Structure formats: C-alpha cells, structure tokens
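Here's the structure we're looking at; comments come further down.
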Amino acid sequence: MSPTPHPSGPLAEQQVSPAPSSVDDGTIDGGTVGGGARTEAPAGPTDRLVVERGRWITNWQAEDRDFWEGPGRPTARQNLIWSVFCEFLGFAVWQLWSVTVIFLPEVGFSLTTGQQFWLVSLPPLVGATLRIPYSFTVALFGGRNWTIISAALLLIPTLAITLTLGSPDTPIWVLFLIAAAAGFGGGNFASSMSHITFFYPAREKGAALGINAAGGNLGVAVSQLLVPIVVSAAAFDALQPNLPMAGLFWIPFILVAIWGARRYMHNLSHARNDIAGSLSTLREKHLWVIGLIYIGTFGSFMGFGSVFPTLITMTFPEFSSFQVLGAALSLAFLGPLVGSLSRPWGGRLADRSGGARITVATFLIMAAITALVVLTLPLENFWLYLTLFMGLFTLTGIANGSSYRMIPIVFKLSVRADDRVGHERKASAALGLIGAMGGCGGFAIPQILNASHSSTGAFDVAFWGFSAAYVGFAVLTWAVYMRPGTVFSRANV
C-alpha cells in the first residue's frame with residue numbers, strides 16, 4: 001500500500017547540521033512494530049535532505065553511512081525526540097482514568113464498584129484494539145502527519161474531562177464514552193513505533209525503538225503521580241478535589257506536541273505497509289503463543305497499572321479523607337515507574353541468558369508474589385502491600401523486555417527458509433500484533449478483579465487465579481521454547 005501522495009511542487013533542498021549529541025548511547029531492546037518491510041529509498045544526495053512541500057523527505061537512506069553520519073542521524077534524532085514526547089502524552093492520557101476514577105465519589109458522583117472497574121478497563125481495551133489500525137497509518141498518511149492527528153485526538157478526552165467532571169449530574173454513559181476516548185492514547189504506541197523504525201538503520205533500530213517505548217511507558221507513571229497533586233493543589237476547598245484539572249492540565253502540553261510535530265517532524269516517502277507480511281503472520285502458531293505470553297507480561301503491567309489506585313482505596317478504606325487519599329495515591333505511580341524502568345533490563349538479561357529462561361523465571365516469581373499479596377492481606381500493612389506490588393511491577397517490566405526480545409529469534413527459527421514472505425517481515429508484523437494482544441490484559445485484569453469482588457466481596461480469588469495463571473504461562477514458555485530437544489532450546493531463545 002502506497003503512502004498518500006504528498007503535494008506536488010518544486011523540490012526544496014534542506015541542509016541539516018549534525019547535532020552535538022546522540023540518543024543512541026545506550027542499548028535498549030526493541031523491535032519493528034507495525035511498519036512492515038522497509039523498501040529501498042530513491043537514490044539521492046548523501047550530504048543533504050531532499051524535502052518536498054509538507055515536509056516529505058524523498059531521499060532518506062539510513063543504511064548509507066555517509067548519509068546517516070551527515071544529515072540522517074540528527075534528523076532521525078529530532079523525529080525521535082518529538083515522537084517520544086507525543087507518545088508519552090498518549091500513555092499519560094490513556095491512564096488518566098486509573099487515578100481520576102478514585103476521586104469521583106469525592107465530588108458527588110455515585111458509582112457502583114462495577115462501574116468504577118469499567119471506567120479503568122475501557123481505555124486499555126480501546127487502546128489495544130486501536131493499535132492494529134494505527135500500525136498502518138504512518139504509510140497511509142505520513143509519520144509526521146499522523147503524529148499531528150493522533151496528538152490532536154488526545155484533546156477529545158482531556159477536553160471532555162475538563163467540561164464534564166465538574167458536575168456530578170453527568171450520566172454514567174457519558175463517563176464511559178470519555179473513558180473509551182482515552183484509548184486514543186494507547187493506539188499512539190503502534191504508530192509512533194512504526195514511524196521511528198523507518199528512520200533508523202538496522203544497527204541502531206533496537207536502541208531507538210527501546211527509547212521510544214520506554215519514554216511512552218513513563219507516561220503512565222507520570223500521570224498517576226501528577227493527577228492527585230494537580231487536583232489537590234487546585235482544590236477550591238480542603239474537602240473537594242478540582243477534577244476538571246485532571247484534563248485541563250494536559251491540554252497545553254498536547255498543543256505543544258501538535259506544534260512540535262508539525263514544525264520539526266518529517267514524513268518519509270518510502271515508508272510502506274507490509275500487508276502480505278501481516279496476513280501471513282496470522283497463520284503462524286508462534287504469533288498466538290507469544291501473544292498469550294505477552295498478555296501475561298505487558299498485559300499485567302497495563303492491567304495492574306490501571307487498577308492499582310483503585311485497589312489501594314478498596315483494600316485500605318481507612319484512606320477516606322481527601323488529604324490522606326491523595327497522599328496514598330501519589331505513591332501509586334511508583335508501580336508503573338519501576339515497571340517502565342526495568343523493561344530494558346529484561347532485554348539485556350535475555351541477551352545474556354536467553355529470553356525464554358528469563359521469562360519463565362519472572363513468571364514463577366510473579367506467581368509467588370501474587371500469592372503473598374493474598375496471604376499478607378490480614379496484616380493490613382499498606383507499606384508491605386506497596387512493596388509487594390513494586391516487586392510485581394518490576395517483574396512485569398523485566399518479562400516485557402525478555403518476552404519481546406524472543407520474537408525475532410523465534411520467527412527466524414520457525415519460518416521455513418523457502419517461505420516467500422520471510423522471517424524478518426513476519427517478525428516485523430508480529431511485533432505489532434503481539435503488542436496489541438498484550439494490551440488486552442489491561443482490560444482483563446480489572447474485570448477479573450471486579451468479578452472476584454462482586455461474587456465474594458474480596459479480591460482473594462482473583463489473585464489466586466493470577467498466581468495460577470503465571471505458573472501456567474511459565475509452563476507454556478518452558479514447554480514450547482525451553483523443553484530439551486527442541487530447536488528453540490538448542491538456540492537458547
């Protein structure tokens with residue numbers, strides 16, 4: 001599928017000076033998401049960019065070292081910086097309801113427990129679903145153009161929160177629609193990763209995509225840190241938070257992102273979608289096996305990230321006053337923070353010891369920690385509860401990195417040499433599809449917790465179920481990718 005034709009007009013040649021520093025000093029694991037196979041860019045000068053109207057670059061040659069060390073690297077870095085910022089805001093908006101929902105009763109909203117869980121689970125569901133079509137938008141519209149559009153879409157949920165959460169008479173169906181609209185932020189991950197993968201040469205693609213992914217994930221932690229502070233600081237009195245600020249606070253940053261993407265980012269004329277690779281990948285069993293594993297890793301990160309503030313308030317009802325509640329919730333951000341920061345370490349450990357081995361080990365420890373959460377609840381110790389969840393979030397990040405690192409290796413070993421699509425194209429398509437599948441865990445975990453609380457009045461059954469599921473994920477990973485005698489165990493996948 002070809003990109004949308006850009007406006008015709010005289011070519012303008014733009015000389016880009018190298019920047020003084022680089023973003024690829026470290027190594028963070030990543031992969032191509034949703035962008036498909038690269039095609040050769042048209043031949044052109046290697047000492048400057050050829051840019052048409054609408055900021056379409058027509059001579060991008062990342063694999064040409066002269067071009068890359070000339071105008072290529074600083075231009076790619078410039079696009080990466082703004083891509084990270086826009087994706088960061090996407091994740092922040094995606095998780096706005098995970099904290100905002102806690103304050104709704106404080107301003108007069110009358111919600112059932114089930115309605116609260118739906119408000120925190122709708123954004124992950126919509127975001128995970130949108131990742132699939134968002135994977136193809138870069139080639140359809142241009143990476144710069146779609147970044148502008150996707151950033152502008154974030155104004156819908158933030159403006160809606162600003163306009164509606166000041167009135168407790170707002171119908172619940174309106175709240176559901178606004179929460180679903182926050183899912184736009186979750187889709188941004190796929191288009192952002194697709195855009196950046198076209199800019200970088202193969203030797204530096206992993207580092208760039210890892211930075212892009214980690215920068216986005218941090219939006220979850222920052223959102224959960226700042227929202228309680230903002231709504232408390234802007235409160236009209238000491239007893240009632242100013243909830244419209246939960247949306248209004250982000251609007252200036254979104255406007256800056258739209259401006260920056262329009263002013264500094266670029267479209268690449270050679271970006272192409274790989275429809276054949278995506279369709280062919282659907283027939284590969286390892287897409288579904290690793291997708292299921294990724295639900296247990298990234299899905300756990302998103303699911304517990306969405307519901308952790310709610311769990312705190314329902315498990316420790318003594319945090320009833322507005323001031324104490326805000327202080328407790330301001331600590332909830334630590335979970336997504338350590339989960340985001342530990343993801344690169346999972347990839348590095350996988351490089352050393354094998355992704356399957358690290359994934360199995362982390363699943364088993366996750367099973368033990370979720371069991372401990374249940375066993376220690378009678379102690380009613382908030383700090384122990386917080387510590388256990390910090391450990392759980394850290395492990396989800398490690399497992400995210402190690403399981404994601406397995407994908408290209410598994411497809412290299414499993415795809416036949418005579419397959420006309422090829423393992424690289426299939427692995428590229430699989431990375432995006434698996435990312436979308438994993439996001440579904442963000443919906444499943446809150447709903448399982450809701451079902452447990454509705455039927456038993458507690459979360460014990462859900463946590464025992466999670467513990468058993470992690471053991472099952474560990475057994476599945478071992479059986480398929482570590483069992484002695486298989487091609488995967490010999491290759492130390």
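Quick caveat: nothing in here was measured; it's all calculated off a predicted structure.
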Whether the side chain of [X] engages the backbone of [Y] through a donor-acceptor N/O pair (distance < 3.5 Å, no angle test) should be reported.
| X | Y | value |
| --- | --- | --- |
| Asn450 | Pro446 | no |
| Thr170 | Ser167 | yes |
| Ser455 | Ala451 | yes |
| Arg131 | Phe189 | no |
| Ser342 | Gly339 | yes |
| Thr362 | Ile358 | yes |
| Trp288 | Leu282 | yes |
| Arg144 | Arg262 | yes |
| Thr477 | Val360 | no |
| Ser191 | Asn188 | yes |

Test ring-ring contact (aromatic ring centres under 6.0 Å, His included) applied to [X] - qualifying residues, sequence neighbours left out:
| X | answer |
| --- | --- |
| Trp97 | none |
| Phe176 | none |
| Tyr134 | Trp146 |
| His453 | Phe459 |

Item to check | Flag for Ser192-Asn212: side-chain donor and acceptor within less than 3.5 Å | outcome: yes

Quiz item: Looking just at side-chain N and O atoms, do Thr359 and Ser402 make a donor-acceptor pair shorter than 3.5 Å?
Solution: yes

Locate the shortest heavy-atom distance separating [X] from [Y]; write the atom from each residue and the value.
| X | Y | answer |
| --- | --- | --- |
| Ala92 | Ser223 | O-OG, 3.1 Å |
| Pro241 | Val107 | O-CG1, 3.5 Å |
| Leu395 | Met366 | CB-CG, 3.6 Å |
| Ala371 | Trp464 | CB-CZ3, 3.6 Å |
| Pro244 | Asn242 | CD-OD1, 3.2 Å |
| Ile369 | Gly391 | CD1-C, 3.9 Å |

For the atom pair [atom1] ([X]) and [atom2] ([Y]), what is the distance rounded to the nearest 0.5 Å?
| X | Y | atom1 | atom2 | result |
| --- | --- | --- | --- | --- |
| Ser110 | Ile172 | OG | CD1 | 9.5 Å |
| Thr313 | Ile102 | OG1 | CD1 | 4.0 Å |
| Leu372 | Ser467 | CG | OG | 9.0 Å |
| Leu89 | Ser150 | CG | OG | 10.5 Å |
| Thr394 | Leu334 | OG1 | CG | 10.0 Å |
| Thr158 | Ile251 | OG1 | CD1 | 4.5 Å |

Report yes if the side chains of [X] and [Y] come closer than 4.5 Å at any heavy-atom pair, otherwise no.
| X | Y | answer |
| --- | --- | --- |
| Thr147 | Trp82 | no |
| Ile365 | Leu392 | no |
| Phe443 | Val126 | no |

Looking at residues at least two apart in the chain, or sitting in another chain, which of them share a side chain to side chain donor-acceptor pair (under 3.5 Å) with [X]?
| X | result |
| --- | --- |
| Asn400 | Thr297 |
| Gln116 | none |
| Ser353 | none |
| Ser98 | Gln224 |

Inset, instruction - Let me see the working for Phe488 and Ile409 under side-chain contact (heavy atoms from CB on, under 4.5 Å), right down to the final yes or no. - result: CA-CA 9 Å; Phe488 301 112; Ile409 303 174; over 6 Å; no

Q. Which is it for Leu155 and Leu255 under the side-chain contact (heavy atoms from CB on, under 4.5 Å) test, yes or no, and what are the steps along the way?
A. CA-CA 9 Å; Leu155 292 172; Leu255 294 176; 4.2 Å; yes

Parallel, tilted or perpendicular: ring planes of Phe91 versus Trp94, cut at 30 and 60 degrees: perpendicular

Q. Which word best sums up how the rings of Phe466 and Phe463 line up, parallel for under 30°, tilted for 30 to 60°, or perpendicular for over 60°?
A. perpendicular

Does [X] have its ring centroid less than 6.0 Å away from the ring centroid of [Y]?
| X | Y | result |
| --- | --- | --- |
| Tyr264 | Trp259 | yes |
| Phe316 | Tyr385 | yes |
| Tyr481 | His286 | yes |

Quick note, ring pair (Phe, Tyr, Trp, His ring centres under 6.0 Å) partners involving residues 207-226, not counting sequence neighbours, are none

Applied to residues 345-377, the ring pair (Phe, Tyr, Trp, His ring centres under 6.0 Å) test, sequence neighbours excluded, yields Phe363-Phe473

Residue pairs meeting side chain to side chain donor-acceptor pair (under 3.5 Å), one or both in residues 438-448, sequence neighbours left out, come to Ser121-Gln447

Mind running side-chain contact (heavy atoms from CB on, under 4.5 Å) on Phe298 and Thr396 for me, showing each step along the way? CA-CA 7 Å; Phe298 180 73; Thr396 64; over 6 Å; no

Enumerate, atom names and distances included, each donor-acceptor pair closer than 3.5 Å involving a side-chain atom of residues 299-308, sequence neighbours excluded.
from, atom 1, to, atom 2, distance (Å)
Ser300, OG, Gly296, O, 2.6
Ser300, OG, Tyr470, OH, 2.7
Ser306, OG, Gln95, OE1, 3.2
Ser306, OG, Gln95, NE2, 3.3
Ser306, OG, Met302, O, 2.8

Exercise for the section: Please test Leu243 against Glu106 for side-chain contact (heavy atoms from CB on, under 4.5 Å), starting from the C-alpha separation and ending with a verdict. Expected result: CA-CA 10 Å; Leu243 273 192; Glu106 301 292 322; over 6 Å; no

inquiry  = Taking the cut-offs as 6.0 angstrom to the six-membered ring centre and 45 degrees off its axis, would you call Arg343 and Tyr404 a cation-pi pair?
reply    = yes

